[in-house]
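Written below as structure tokens is the structure these notes are about.
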Amino acid sequence: MNRLSAENVTLAYEQRVIARELSVEIPDNSFTVIVGPNACGKSTLLRALSRMLRPSEGRVLLDGQVIHSLPAKKVARTLGLLPQSSVAPDGITVADLVARGRYPHQGLLRQWSPSDERVVQESMERTGVAELADRYVDELSGGQRQRVWIAMALAQETPLLLLDEPTTYLDIQHQLDVLDLCAELHEEHGRTLVAVLHDLNHAARYATHLVALRGGEVVAQGAPRDVVTAELVERVFGIRCQVIEDPETGTPLVVPAARKARATTP
Amino acid sequence: MTTPKTTRQPVLRIGGRLSLRIRVRSVAVVLLLAVVALASAVVLIGTGDFPISFADVLSVLLGSGHPADELIVRELRLPRVLVGLLVGGAFGLAGALFQAVSRNPLGSPDILGLGQGATAGALTMIVLFSGSATAVTAGALVGGLVTGTAIYVLAWKRGVHGYRLVLVGIGVSAVMTAVNSYLITKADMVDAARAVVWMTGSLNGRDWTQVWPLLALCAVLVPLALANERGLRMTEMGDDASYALGVRVERLRLVLLACAVLLASAATAAAGPVAFVALTAPQLARRLTRSPGPNLVPSMVMGAALLIVADVLSQRAFGSDQLPVGVVTGALGGVYLLWLLVTERKAGRV
């Protein structure tokens, strides 16, 4: 049995239902990427998996227990989340922000242990922001800032790490940079990563497990090689395309059909 | 103490298990403000129709003073000054809590209508029942608590969010101001005069019966607030990020808002709605410590220092008991509020 899964969850904001009776298993030690068109419920699913959103029906299980019934700090030592939007407090330095990732490991009388110190330093080195330690977060570029947030999530030392659209608003170089970092984090320590991504080709290249959503339903899931087909892309995204082999990595590469060809789509 | 590489922030370690993070600058600011507050308190005790020198006040406080001084200090001036310190501290801490929870420098008891709510409770007692001093205090406390609860309930929509809290508070404040104006027009001359003095905020005639309840309340609420400061600091990063780190955001807000409402209501009940201390103390403290985060202890000590210094100023400039301290804090705080609005406007935050 896998550590994280959603069982028959119905996800809704107020009265607006996003998904009904959705079941998803996150395979252990996978780099799972959730893809789908806008408003398909992929970020909502990630919010439910990370207990930010309480399902109106069904349950999310972490290590066999309902995630909402577990103590908040205990969950935070097992599962980390990089939200889509976080606010860096005014005038905070990189090292201080990364150090906040240690919160679930600390207590009122144990505010800063030597292991906190070591983990924060390692997290900054791991994400390449160690030399920025004393800089203010406000003065960093978008790509650097995203690395700092990932360092904070890493300092949380969780075997499971969830990332909500970690590449949005970044240029192509920094997108690849963040995805490379994710792949490395996945490879070491057998960490399980779950990310929501917009770019299907990035997903196909980096994911070991792909979950394709449309209208709040899982249309397909599995290894990108098995899942990403022209037929599936049309079903999920509604575009005609060819799927060829990526000349660099051998993973599936989606090439949308030319404008005229797409215009004749039935 | 060791200075770690990554944070340059000293850590106090006792044995292997206990470790506390310390900001040197914040500690220095707190000590400095405490010295200012206590020194001003000694000056204030010596001030009045019967002046007592700084040295004589100190010797009375240390238990070896002149018997005549002793009576004046122990029974009249010391309780008044203690009420001032406690009220100022409570306002400072309440303001810091409100501003941190609402994530808005304008989120203070003055602006949110807690002061007006407590005033409505006090005026009801003065005008409608011609109540005793105790009844007025109780009325103010109840008025503040009811108003605080109303603001929380009205602002609650799947959790309380900063902006809505401030907007709802401003609305409630307007309603309570109208209620207070109505009560004043209903009052006869004697009650109206009493009401106006109460509404300005004053330390005149405060004695030990005000000190003990305030002290007891602070003894419970201050540790409770400080124990939650680390969690509160996490919420600066947004609800999702702090919840992901294991902070139970909604419960934290409820506990801290309850603390803040109780502190502000109790302080208002004891000394009237002393204007702007809760608004200015956290902002001034933050500028001195230059530290991100709620700055709870510095705000509390700053509140106490502000109130006592303002009281010394009003007594020295206008003679004893002539000018209520609320007039001085109001005048200084009003200027500060204008400055805050202008700078926040420039920074695009208001």
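Reminder, nothing fancy here: chain letters follow the sequence lines and each chain counts from 1. Excluded from the calculations below are hydrogen atoms, water molecules and symmetry mates; all remaining heavy atoms, backbone and side chain alike, are included.
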Margin query: Apply side chain to side chain donor-acceptor pair (under 3.5 Å) to residues B:R230 and A:Q106 and explain how you reach the verdict.
Written below: CA-CA 10 Å; B:R230 290 173 57 255; A:Q106 296 166 337; 3.3 Å; yes
Next item on the list: With sequence neighbours left out, write down each residue that passes side-chain hydrogen bond (donor to acceptor under 3.5 Å, both in side chains) with B:E250, or none if nothing qualifies.
Entry: B:R253
Notebook entry, point to check: Under 6.0 Å from the CZ atom of B:R103, do we count more than 12 heavy atoms belonging to anything else shown?
Noted result: yes
Item checked: Part of A:L79 lying under 4.5 Å from any heavy atom of chain B -> backbone
Notebook entry, point to check: Is it the side chain or the backbone of A:S50 that comes within 4.5 Å of chain B heavy atoms, both, or neither?
Noted result: neither
Next item on the list: Against chain A, work out which of B:R233, B:M237, B:E229, B:E236 has the most heavy-atom pairs shorter than 4.5 Å and name it.
Entry: B:M237
Note to self: Just so I understand: if I count every heavy-atom pair under 4.5 Å between each of B:R248, B:R290, B:M234 and chain A, which residue has the most?
What the structure shows: B:M234
Could you pull out all donor-acceptor pairs under 3.5 Å where a side-chain atom in residues 107-114 of chain B meets a protein atom, sequence neighbours excluded?
| residue | atom | partner | partner atom | Å |
| --- | --- | --- | --- | --- |
| B:S108 | OG | B:D110 | N | 3.2 |
| B:S108 | OG | B:D110 | OD2 | 2.9 |
| B:D110 | OD1 | B:F276 | N | 3.0 |
| B:D110 | OD2 | B:L279 | N | 3.4 |

Note to self: Please find the pair of heavy atoms, one from B:L245 and one from A:Y103, that lie closest to each other, and give the distance.
What the structure shows: O-CD2, 3.3 Å
Margin query: For a side-chain contact (heavy atoms from CB on, under 4.5 Å) check, start with the C-alpha distance between B:D240 and A:Q84, then their side-chain angles and the critical distance, and finish with the verdict.
Written below: CA-CA 9 Å; B:D240 283 1; A:Q84 217 173 89; over 6 Å; no
Check: Hey, mind stepping through B:R286 and A:D90 against salt bridge (charged side-chain N to carboxylate O under 4.0 Å, His left out) and telling me if it holds?
Finding: CA-CA 11 Å; B:R286 178 191 297 258; A:D90 284 341; 5.9 Å; no
Next item on the list: Check the pair B:Y243 / A:R51 against side-chain contact (heavy atoms from CB on, under 4.5 Å), numbers first and verdict last.
Entry: CA-CA 9 Å; B:Y243 192 35; A:R51 83 187 181 303; 4.0 Å; yes
Using a 3.5 Å cut-off and no angle test, enumerate the donor-acceptor pairs between side-chain atoms of residues 149-156 of chain B and protein atoms at least two apart in sequence or in another chain.
| residue | atom | partner | partner atom | Å |
| --- | --- | --- | --- | --- |
| B:T149 | OG1 | B:L145 | O | 2.7 |
| B:Y152 | OH | B:W156 | NE1 | 3.4 |

Next item on the list: Write out, in numerical order, the residues from residues 138-158 of chain A with a heavy atom short of 4.5 Å from a heavy atom in chain B.
Entry: A:W149, A:M152, A:Q156
